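The block underneath contains the structure these notes are about, expressed in structure tokens.
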Amino acid sequence: MSQHTALVTGGNRGIGLEVCRQLGRLGHRVLLGSRSESAASRAVADCRKAGLDVRAVTLDVTRPDDIQAARSFADEQFGGVDILVNNAAILLSENTSILEMTRDELVATFETNFYAQAAMCQAFVPGMMSRRYGRVVNVSSQAGQLAGMGTYAPAYSMSKTALNALTRILAETTRKSGVLVNCVNPGWVRTDMGGAHAPRSVEQGADTIVWAATLPANGPTGAFLSDRKRIEW
Ligand code: NAP
């Protein structure tokens, strides 16, 4: 298998860090995106101790300057990014009713979970299309699935539904260009976000993300995936 350059946002902890490890173990060069330099250094040191080709990239996904700097770094050093994992996200006001949610909570959630992912795709996907190879994985959630939508975490849930729509539109835009774009529900995972009582390990949560990040040319595009299978929207 050829080595690709992967960029993982929010790679310093949780599911993102495990995605970095698993992509590294598959032999890929991993750019571990983190908004905190110190958190990135610690995570990268751990990965490198295990012999993985993982490097830190300072990247707050809500900062356009950081996104442009990450793109320039990847272009100049490695000829671009082949695999983009949009993993970074925030979960605010999990138990607030949609009738009480503030505009600030809604805006902050969409800034990180949706506008930033759109900006990341705009920065990295054109290069993938011109090189005729790319894999984009938008880390979504069952909370964003319209089919089962309830009252849980309204701002977060709606931001993930919007991310799913972005996935569909981008998949059509890139069809037949060598770029595959999918979104993945990792399930309920034991991380800072998922909490200690979640049933899944980070290894299980990262599995389908890494699978979608390394699909063969005839793999799916524009799909919502969970446990390596399509699920409904
Ligand atoms: P987590 O432990 O809370 O980690 C979130 C990561 O996102 C951290 O690295 C955090 O960085 C980063 N982040 C947040 N805002 C950022 C920003 N503006 N710029 C760059 N990085 C930023 O969450 P997780 O459980 O690993 O979740 C990873 C993904 O899986 C998310 O997309 C989440 O919605 C999804 N997901 C998780 C679960 C679950 O049960 N855990 C379920 C469904 C979906 P800092 O360390 O700097 O804060």
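Keep in mind that this is a model prediction, so the values were computed, not measured. Just so you know, ligand 1 is whichever comes first in the structure, and atom 1 is the first atom listed for that ligand.
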Under a 4.0 Å heavy-atom cut-off, which residues neighbour ligand 1?
Gly10, Asn12, Arg13, Gly14, Ile15, Arg35, Leu59, Asp60, Val61, Thr62, Asn87, Ala88, Ala89, Ile90, Thr112, Val139, Ser140, Ser141, Tyr156, Lys160, Pro186, Gly187, Trp188, Val189, Thr191, Asp192, Met193, Gly194
Between the CD atom in Glu203 and the CZ atom in Arg21, the distance rounded to the nearest 0.5 Å is 7.5 Å
Scan Val136, Asn138, Leu59 and name whichever one has a side-chain contact (heavy atoms from CB on, under 4.5 Å) with Met120.
Leu59
Short N-O contact, Arg63 and Asp60, less than 4.0 angstrom:
no
Is any side-chain N of the basic residue among Asp227 and Arg200 closer than 4.0 Å to the acidic one's carboxylate O?
yes
Suppose the criterion is salt bridge (Lys or Arg N to Asp or Glu O under 4.0 Å): which pairs have a residue in residues 101-124, not counting sequence neighbours?
none
Could you label the plane-to-plane angle of the Phe224 and Trp233 rings as parallel, tilted or perpendicular, counting under 30° as parallel and over 60° as perpendicular?
parallel
